[in-house]
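So that the names make sense, note that chain A is the first sequence line, chain B the second, and so on, each numbered from 1. The structure displayed is predicted, hence computed values, not measured ones.
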Number of protein chains: 2
Amino acid sequence: MIKAKIAELLKSNQFLQEVEVKGWVRSFRSNRFIALNDGSTINNIQCVIDFEKTNEDILKRITVGAAIKITGTLKESLGSQQSVEVEVKNVEILGDANPEEVKLTILSPKRHTLEKLREQAHLRIRTNTFGAVMRVRSKLSFAVHSYFQQNNFHYVNTPIITGSDAEGAGEMFRVTALDINNTPKNEAGEIDFKKDFFGKETNLTVSGQLEAETYAMGLGQVYTFGPTFRAENSNTSRHLAEFWMIEPEVAFTDLDGNMDLAEDFIKYVVKYALDNCKDDLDFLAERFQNEDKTKPEAERSEMGLLEKLQFVTQNNFKRVSYTEAIDILKNSKPNKKKKFQYPIDAWGADLQSEHERFLVEKHFKCPVILFDYPANIKAFYMRLNEDGKTVRAMDILFPGIGEIVGGSQREERLEVLQKKMRALDIDEKELWWYLDTRRFGTCVHSGFGLGFERLVQFVTGMTNIRDVIPFPRTPQNAEF
Amino acid sequence: MIKAKIAELLKSNQFLQEVEVKGWVRSFRSNRFIALNDGSTINNIQCVIDFEKTNEDILKRITVGAAIKITGTLKESLGSQQSVEVEVKNVEILGDANPEEVKLTILSPKRHTLEKLREQAHLRIRTNTFGAVMRVRSKLSFAVHSYFQQNNFHYVNTPIITGSDAEGAGEMFRVTALDINNTPKNEAGEIDFKKDFFGKETNLTVSGQLEAETYAMGLGQVYTFGPTFRAENSNTSRHLAEFWMIEPEVAFTDLDGNMDLAEDFIKYVVKYALDNCKDDLDFLAERFQNEDKTKPEAERSEMGLLEKLQFVTQNNFKRVSYTEAIDILKNSKPNKKKKFQYPIDAWGADLQSEHERFLVEKHFKCPVILFDYPANIKAFYMRLNEDGKTVRAMDILFPGIGEIVGGSQREERLEVLQKKMRALDIDEKELWWYLDTRRFGTCVHSGFGLGFERLVQFVTGMTNIRDVIPFPRTPQNAEF
């Protein structure tokens with residue numbers, strides 16, 4: 001008796017062997033064909049039942065969503081949809097799914113909107129789309145670790161709860177163990193955080209970069225891959241309050257090396273998905289195509305999903321300085337025709353999503369790395385160029401996604417860093433440990449952050465970021 | 001010119017080749033021998049300098065902690081400590097380390113206590129011990145992912161911020177975006193959490209299990225590996241407020257299968273460390289031995305660190321029911337001689353650390369899996385046995401560590417689960433989505449949680465859990 005996952009059985013040629021397979025009923029038609037799925041693959045195995053020989057009560061209980069165990073014989077299939085099927089000898093109902101109750105859920109066999117599926121995030125994983133997306137997400141996660149480990153990076157878990165609020169990457173969530181209805185007060189009548197769990201105010205991290213830098217100064221090259229948080233009230237299809245971020249940090253590497261690393265890394269993980277998620281990506285590509293057809297012609301994608309992925313793995317990213325980009329934008333048709341919501345008239349402007357999309361999707365038609373941004377629109381820790389007005393920052397922009405990577409060479413010179421911190425009113429005492437890295441054996445170093453969900457979106461073709469993480473956290477939503 | 005990491009150079013036999021190597025000075029003796037480390041390995045490369053041909057100012061700046069770039073010739077070493085060395089042609093100082101300032105830090109070349117090192121967690125990564133521990137931690141992380149991915153488990157990121165507080169695994173941290181000094185109130189004068197970011201009260205997760213179960217019911221076999229939190233005021237060497245947990249969850253698998261999985265998994269990751277971290281583990285084994293020597297003879301370890309690791313990979317874990325364990329304990333010498341702080345007199349007692357240690361370290365002298373615990377000392381979701389008083393729970397106990405794994409077969413029967421929840425006053429409305437998994441195609445399923453830091457402790461031989469995570473979070477401590 002072969003006990004195997006459906007993914008294996010579908011590849012098997014051990015015909016006429018007895019098999020046992022467990023899974024959930026996806027469909028049951030003509031009292032004869034059960035489509036069974038166990039999550040190991042997007043493909044169902046067809047199990048052919050002889051209804052005349054099957055107990056009527058059992059037959060009735062083979063309903064969509066039910067968990068069943070089937071024993072039978074593996075056969076070559078005559079149908080065109082599959083190469084293998086199971087001739088059923090016995091069906092055991094493991095867990096029923098009452099059709100009247102199923103009807104009220106997204107398990108019911110009809111088209112549900114993605115919004116509706118989100119409300120039942122605990123069940124949507126049983127649909128083809130979410131099974132595919134989450135299997136691809138899992139493989140991409142492993143590709144991330146594989147890439148860095150093969151290249152001798154060390155994985156670092158930077159803290160989630162942080163006592164430091166000087167990172168300046170965005171609004172933070174507060175973490176407290178105080179009784180919030182009855183907070184202890186100090187003599188000044190303010191909340192006494194000395195009585196809180198950590199003896200001080202604490203928040204959820206917005207980035208592990210500063211801590212990762214301290215580790216790069218010991219281990220040479222490190223990466224983080226963990227959750228980060230933003231308490232920004234952005235109710236868009238591009239933002240999550242809780243998302244996973246990948247942050248490599250490399251000693252003795254400048255911005256050019258950083259761009260090389262980011263490009264090589266992205267190509268590796270996308271290729272890994274192409275090589276290891278064929279069935280799921282084929283399904284998602286079809287889904288992508290169908291969705292595209294519903295759009296106005298002007299908004300349709302020039303490439304299919306698989307083409308897009310192959311394009312990224314096979315072509316160099318275009319590297320363009322901020323200054324060049326501003327020139328291109330200033331002289332662009334949409335700018336001259338005043339089609340941009342934010343017209344570009346001078347060097348120094350912060351680029352908006354519409355500008356990034358123009359550069360990537362209309363002008364260069366490929367992933368773009370913008371570098372050497374004006375210092376005053378970037379973070380304090382980025383290395384000042386000799387011109388005194390730009391910093392060694394880089395952003396990678398992707399078609400349909402926008403910014404997928406933000407990185408920089410770090411300011412390694414203690415005095416320059418301190419001067420910048422003073423100008424921005426960042427407390428040196430708070431970041432004493434960060435400054436220590438510049439005091440003791442400082443060196444050129446660089447790193448970047450990649451929002452993992454943006455990557456999963458790009459690879460799966462899902463347009464809403466809430467559909468590429470199991471249980472999305474957004475304003476007004478922390479269900480499950 | 002070969003530009004390479006020290007780990008590679010030390011294995012190289014490209015003698016007489018020109019090399020360039022960058023790193024931090026670990027020591028500089030006799031104005032001649034620089035021990036250089038770049039984090040790629042615990043081993044330093046010896047760089048031999050001709051002080052007569054070297055600028056005096058440069059010589060002075062070759063100090064412990066400084067970052068330097070060396071170019072020179074790779075040579076076979078005549079010293080016994082290493083096989084390879086670099087005959088220096090040029091030294092470039094990349095980043096100084098002022099000896100007067102270094103003296104005030106743990107970088108100064110003398111013995112520092114682990115407590116002292118913890119206060120400078122941003123610098124301790126530059127020591128041999130923490131370099132070794134954190135490289136092993138990184139490899140173990142990858143081993144975790146490799147094991148599950150090879151066995152076709154899907155990685156799932158369960159939410160960190162949770163609106164559910166029914167898990168009952170421990171005290172939780174509150175997460176809020178409200179202005180805590182000026183909270184909005186509702187008509188009853190209570191804090192109006194509807195105005196908070198998520199529109200409800202939210203906390204940091206204590207476990208991803210319940211969410212992982214919903215995913216196992218779609219994807220078949222899944223695992224989490226992410227941070228979890230406890231707001232318990234436990235100031236011990238065994239507890240962290242923030243730690244990383246691994247939680248596999250498997251559909252169609254009972255407690256026996258769960259124990260098999262846990263044992264196979266642990267053996268795999270320990271063997272992976274033995275196979276991939278030889279230099280670091282050799283160093284840590286020596287450290288372990290030296291530390292052991294400082295202990296009273298009765299407390300010393302019977303095995304060295306490497307022996308312990310090999311023992312675990314090569315021997316079956318002993319599986320013992322709770323009931324058998326109670327019998328053993330009741331009749332044990334320490335119990336009869338009243339040496340236990342909590343004497344064991346009857347079935348039903350919760351086991352304390354002293355009892356677990358007796359079973360593992362004195363009685364069985366090997367890892368032990370205890371199973372079938374009394375229902376009333378275990379969580380609501382564990383499957384009730386036919387006897388009506390025990391549940392299908394299992395804990396894995398390790399020498400020197402205590403509980404490293406806690407798992408169970410889950411109660412898959414809706415009515416039994418509801419009855420248990422009512423008895424424990426757990427709100428069914430809050431867990432409507434969890435109960436749905438039992439309503440729609442429920443099935444036998446099991447899983448466990450493994451505290452990653454406990455595993456790292458076991459493999460590295462570090463006795464304090466604060467020394468196996470980069471920036472430990474404990475009561476009164478959220479520095480960095």
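- Here the closest heavy-atom approach between residue Thr162(B) and residue Phe480(A) is recorded as OG1-O, 4.0 Å.
- Using a 4.5 Å cut-off between heavy atoms, Phe193(B) contacts chain A through its side chain alone, with no backbone atom that close.
- Residues Glu242(B) and Pro159(A) have side chains in contact (heavy-atom distance under 4.5 Å, counting atoms from C-beta outward).
- If you measure heavy-atom distances from Ala66(B) to chain A, the contacts under 4.5 Å come from the backbone alone.
- Going from atom CE of Met217(B) over to atom CG of Leu123(A) covers 11.5 Å, rounded to the nearest 0.5 Å.
- Of the atoms belonging to Lys22(B), heavy atoms from both backbone and side chain fall under 4.5 Å from chain A.
- Using bins of under 30°, 30° to 60° and over 60° for the plane-to-plane angle, the ring pair Trp432(B)/His122(A) lands in the perpendicular bin.
- Neither the backbone nor the side chain of Ala7(B) comes within contact range of chain A, judged by heavy atoms closer than 4.5 Å.
- In this structure, chain A has a heavy atom under 4.5 Å from the backbone of Asp96(B), while its side chain stays farther away.
- Only the side chain of Gln221(B) has a heavy atom closer than 4.5 Å to any heavy atom of chain A.
- Shortest non-hydrogen contact noted between Val156(B) and Pro470(A) is CG1-CG, 4.0 Å.
- In this structure, the portion of Asn477(A) lying under 4.5 Å from any heavy atom of chain B is its backbone and not its side chain.
- Closest approach of Ile125(A) and Thr214(B) over heavy atoms only: CG2-O, 3.7 Å.
- Listed here is the closest heavy atom pair of Ser141(B) and Tyr155(A): OG-CD2, 3.4 Å.
- When all heavy atoms of Leu107(B) and Phe440(A) are compared, the closest pair comes out as CD1-CB, 3.7 Å.
- Residue Glu412(A): no heavy atom, backbone or side chain, is found under 4.5 Å from chain B.
- At a 4.5 Å heavy-atom cutoff, the contact between Arg137(B) and chain A is made by side-chain atoms alone.
- Among Thr63(A), Val102(A), Ile180(A), Val175(A), the residue making the largest number of heavy-atom pairs under 4.5 Å with chain B is Ile180(A).
- Ring to ring, Tyr215(A) and Phe471(B) are close: their centroids are under 6.0 angstrom apart.
- One distance of note links CG of Asn98(B) with CZ of Arg439(A); it measures 11.0 Å at 0.5 Å rounding.
- With respect to chain B, the highest number of heavy-atom pairs below 4.5 Å among Ser146(A), Ala121(A), Ala251(A), Ser40(A) belongs to Ser146(A).
- From Ile160(B), atom CD1 reaches atom CG of Leu204(A) across 9.5 Å, with rounding to the nearest 0.5 Å.
- In this structure, the side chains of Asn152(A) and Lys5(B) stay at 4.5 Å or more apart for every pair of heavy atoms.
- To the nearest 0.5 angstrom, Thr183(B) atom OG1 is 7.5 Å from Ile191(A) atom CD1.
- No more than 12 heavy-atom neighbours from other residues, nucleotides or ligands sit within 6.0 angstrom of NZ on Lys194(B).
- Here the closest non-hydrogen pair linking Leu219(A) and Arg135(B) is CD2-NH1, 3.7 Å.
- Under the 30°/60° scheme for interplanar angles, the aromatic rings of Phe142(B) and Phe142(A) are found to lie parallel.
- Interface check for chain B: of the options Ala241(A), Cys443(A), Ala231(A), Gly226(A), the most heavy-atom pairs under 4.5 Å are formed by Ala231(A).
- Looking only at atom types and distance, the side chain of Ser138(B) has a donor-acceptor partner in the side chain of Gln149(A) under 3.5 Å away.
- In this structure, chain A has heavy atoms under 4.5 Å from both the backbone and the side chain of Pro475(B).
- Relative orientation of the Phe173(B) and Phe198(A) rings is parallel, given thresholds of 30° and 60° on the angle between their planes.
- The most heavy-atom pairs under 4.5 Å with chain B, out of Ala67(A), Gly441(A), Pro472(A), come from Gly441(A).
- How far NZ of Lys3(A) is from CZ of Phe252(B): 13.0 Å, rounded to the nearest 0.5 Å.
- Rounded to the nearest 0.5 angstrom, Glu430(A) CD and Glu479(B) CD are separated by 8.0 Å.
- Within the 4.5 angstrom heavy-atom criterion, no atom of Tyr223(A) approaches chain B.
- Ranked by heavy-atom pairs under 4.5 Å with chain A, the first of Thr158(B), Thr176(B), Leu94(B) is Thr176(B).
- Judged by distance alone, the side chain of Trp244(A) and the main-chain N or O of Asn157(B) form no donor-acceptor pair under 3.5 Å.
- Heavy-atom distances place the backbone of Phe153(A), and not its side chain, under 4.5 Å from chain B.
- Judged purely by atom type and a 3.5 angstrom limit, Arg473(A) uses its side chain to pair as donor or acceptor with the backbone of Ile161(B).
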